[in-house]
Amino acid sequence: MNLPHDPRPEAPPEELNEDLFAAAEGPDTHQLAAEAAENAGQALASSGLLKNLNPEQYAAVTLGQEPALILAGAGSGKTRVLTTRIAWLMQTGQLTPGSVMAVTFTNKASKEMQTRLGAMLPVNVRGMWIGTFHGLCNRFLRAHWKLAGLPQGFQILDASDSVSAIKRVIKAMKLDEERFVPKQVSWFIAGAKEDAQRPGDIEPRDEQTKTLIEIYKAYEDQCQREGVIDFAELMLRSYELMRDNPAVRDHYQRRFSHILVDEFQDTNKLQYAWLKMFAPPGRGQGVMAVGDDDQSIYAFRGARVGNMADFEREYRVKKVIKLEQNYRSYSNILDSANELISRNSRRLGKTLRTDAGPGEPVRVYEAASDFAEAQWLIEEAQALHRAGIDRKEIAVLYRSNAQSRVIESALFNAGIPYRVYGGLRFFERAEVKHALSYLRLLENPNDDTSFLRVVNFPTRGIGARAIELLQDAARMSGRSLYQSVGAVAGKAGSNLQAFTGLIDSTRNLTQGHTLREIIEQILEISGLNEFYRNDKDGAERLENLGELINAAEAFVTQEGFGKDAVALPVDELSPGAISEGFPAAVAPANFTPDAETGEIMSPLAAFLTHASLEAGDNQAQAGQDAVQLMTVHSSKGLEFDAVFITGLEEGLFPHENSMSDSDGLEEERRLMYVAITRARQRLYLAFSQTRMLHGQTRYNVKSRFFDELPEHALKWLTPRNQGFGSGFAKEYQSAWERGSGLKSVVGAGRVEKPAYDTTPVPKSMKQAAAQKVADEHGGLKVGKGVFHTKFGEGVLLTLEGSGADARAQVNFGRHGMKWLALSVAKLTPID
DNA sequence: GGTCGCCTCTTTTTT
DNA sequence: AGAGGCGACC
């Protein structure tokens, strides 16, 4: 135990478990504990745990059992406050491991919290209710699957599974996929669920909405039939179970005397409602919400910053504690962040300060191309490494995943170890998903999504027609595809039976085998291995399948398999809980552990859950000293000695899809704020004049964010204003007046042909049309610069129509994207 | 009826 | 650059 000044004798883990049971016994315990804390707290004031906390942190850590809202700026020691508070509450006897729930958003954050807490106290953090919203909901539903109306081994659909399930629904309903785009429908459904709305709760405003509601309903039925639930459903089911079952609700409200929620600004409506089920205002539990409105970056998926204000009001928070002292960055970095974020209008108000001094300037670099940007970045990173900075302390951030490619290949060619977070995650790779689908079918043959994914992969003579017949049969009888195989006659039918036979026999064959053996078997029997062995590009995929076996092995051994499953019998079935009159309906009868092993879940089922919930973030070689690559979103909560923010270009960052409304732009700004505040010592901002994206070249203008940073904190590594960012029309004019013209093409956006293609050959109708219009308007070329008397200079992005109808889409940078009628607008080409 | 290969469209961010 | 859709061929 590494708490040097613990006044109490060291408590053995068993004793803590005793406490754990006691914790479920009701408010009296809480009260006694609080009294004990009163005394202990004084003694602990100068102990190691509370040492070096600033006054605000101290106040937050040692707050009594009451609702609290902590406004915690970036780098203000938020995680430290959270973990120290839990540790302090436990040390002072106010809390037992079983009576606290700590919720985070990302797996990374919850792991971090567990690690830190584990280092402070000798507790089994795995058994504690520390996890992501979705992880905890999963745990909750595994415990109460029957009450929740789920099959015991329910599986979780990830985003892409969900979209393909919805696609099937749309097809089955014979709806037009153009009009009901599966992805958008998925959005609609997730959005409804996040507002706690079932199909019946949504108002059928118009025909479109009416149909969407029908799809939602059918999708629900389908998921229920197949025994699967999506991410949003995890939350919604848990919420509804709490809402509709007083006995369960009462149990958990008594059990958790303290609930801590991290990144509260990112909670959506449902998550807040969920929290209120576990700890309603006025129930007297200690609910601590920690958040930073300036770091709210998930509005796009339903996060409501307003939850912070609502929380303050509804829970009658006495005093909001603001953590504004930053311990991470030098002031040049902080000044930049502060200045930038001050442009946002809707803020709770908070300014970070530091005692660290100005530090180095923020370095700005302009590259000619994304390739050059990557090259420069690598040289700079190498220099940093030579100067003694660990590679893992160097982060490269970008707005969208697609940007990582260039950087990756440059790093690869230079032989620099790197690690990419996010992007195509391990469990999302096609071959891995195939393998997982086979595994899911072993566990639950009625999982139609998995069935369809692999029924004919590798090909085994089951085509679209056969599947259509099968789906019809299934629909008629209301059964799963697997159950309906017998209904299809002929060759196709026997092929289908061969497939289900393959699944069944593998299941029998591997009965009682280890997870590793099961996976090895299915890879062979399914023919996946053979398929990739014969595929000329299959080597890497085979490797990934091998990696899947490793991951399973690691999951079983190191990870201590089934933490969610194992944790349950211990604390759900605690004598305390039962003696407290925990209703029979949710008591042990609901657990049907494996007769032989006593496991609540099979290792396979647990592994599949793990694969859905943690898309394989930590599959990349952990521990190696590697440069860290990630999106700005996934960098939240992390910090590095040196940070490169790349691709700071209009249309990319801020992203073009967000620029239309001010809310979107403010979110982009918060995103930039998050990115900047990741850096401890060195911050680099880079942008590029051209960039290859989706196989096309884009011509870029530097991000408007450069104009929102304090000049004194910046140092331009390339000549300032060489590029064509803000106010470039003016620059253009002066350059024009000097008679030099402009050499480079400026502007931002997509162009129809590759940049360096000197002999353009129209590849599509669109291009051919563009070519035609260009001929009519001599000299205008897509991808080239144009000049407009009012808007100045821009880049021609699209040409459409002909004659009087001819239109042009031009990006005028500062003046934005515009569609112009060529019969009216006077556009002159610039070379 | 199945398979293969060419064509098109796509992509913001995540549990 | 990669996946899904569509048409031609087996």
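In this text the structure is predicted, and so the values were computed from the model without any measurement. Hydrogens, waters and symmetry mates are skipped; everything else that's a heavy atom, side chains included, is used. Here is how names work: the chains are called A, B, and so on, in the same order as the sequence lines, proteins then strands, and each is numbered from 1.
- Atom CE in A:Met235 sits roughly 10 Å away from atom C1' in B:dT15 (whole-Å rounding).
- Rounded to a whole Å, the NE2 atom of A:His633 is 4 Å from the C1' atom of B:dT13.
- Note on ring orientation: taking the six-membered ring where Trp is involved, the planes of A:Tyr298 and A:Phe105 are parallel (angle under 30°, cut-offs 30° and 60°).
- Along DNA chain B, the nucleotide nearest to A:Arg465 and the one nearest to A:His655 differ in position, and the one closer to the 5' end is contacted by A:Arg465.
- Side-chain N/O atoms of A:Arg460 and A:Asn456 include no donor and acceptor closer than 3.5 Å.
- Separating the CD atom of A:Gln403 from the P atom of C:dA1 is a distance of 17 Å, rounded to the nearest angstrom.
- One can place CG of A:Asp370 at 14 Å from C1' of C:dA1, the figure rounded to the nearest angstrom.
- Rounded to an integer number of Å, the gap from A:Glu656 CD to B:dT13 C1' is 14 Å.
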Protein proximity profile, nucleotides 3-10 of chain C - base contact B, sugar-phosphate-only contact S, no contact -, cut-off 4.0 Å on heavy atoms: --S-----

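- OP1 or OP2 of B:dT13 lies within a sub-4.0 Å distance of a side-chain N or O belonging to A:Asn401.
- Contact check, A:Thr631 against B:dT14: a side-chain N or O comes under 4.0 Å of OP1 or OP2.
- Counting non-hydrogen atoms under 4.0 angstrom, A:Lys183 reaches the backbone sugars and phosphates but no base.
- Across the interface with DNA chain B, nearest-nucleotide mapping of A:Thr459 and A:Trp187 shows A:Thr459 to be the residue nearer the 5′ end.
- A side-chain donor-acceptor contact under 3.5 Å links A:Asp230 and A:Tyr219.
- Of the side-chain N and O atoms in A:Asn456, one or more sit less than 4.0 angstrom from OP1 or OP2 of B:dT3.
- Classification of the A:His434-A:Phe457 ring pair by plane angle, with boundaries at 30° and 60°, yields parallel.
- Within 4.0 Å (heavy atoms only), A:Ala466 reaches sugar-phosphate atoms of the nucleic acid but no base atom.
- Residues A:Asp161 and A:Thr449 have side chains that never bring a donor and an acceptor to within less than 3.5 angstrom of each other.
- Rounded to whole Å, atom C1' of B:dT15 lies 13 Å from atom CD of A:Glu263.
- Side-chain contact check for A:Ser612 versus A:Leu157: every heavy-atom pair is 4.5 Å or farther apart.
- If you measure from atom CG of A:Leu234 to atom C1' of B:dT14, you get 14 Å, rounded to the nearest angstrom.
- In this structure, A:Tyr298 reaches the sugar-phosphate backbone alone: every heavy-atom distance under 4.0 Å involves primed, P, OP1 or OP2 atoms, never a base.
- A side-chain N or O of A:Ser160 and one of A:Lys433 form a donor-acceptor pair less than 3.5 Å apart.
- Separating the CD atom of A:Glu194 from the C1' atom of B:dT15 is a distance of 9 Å, rounded to the nearest angstrom.
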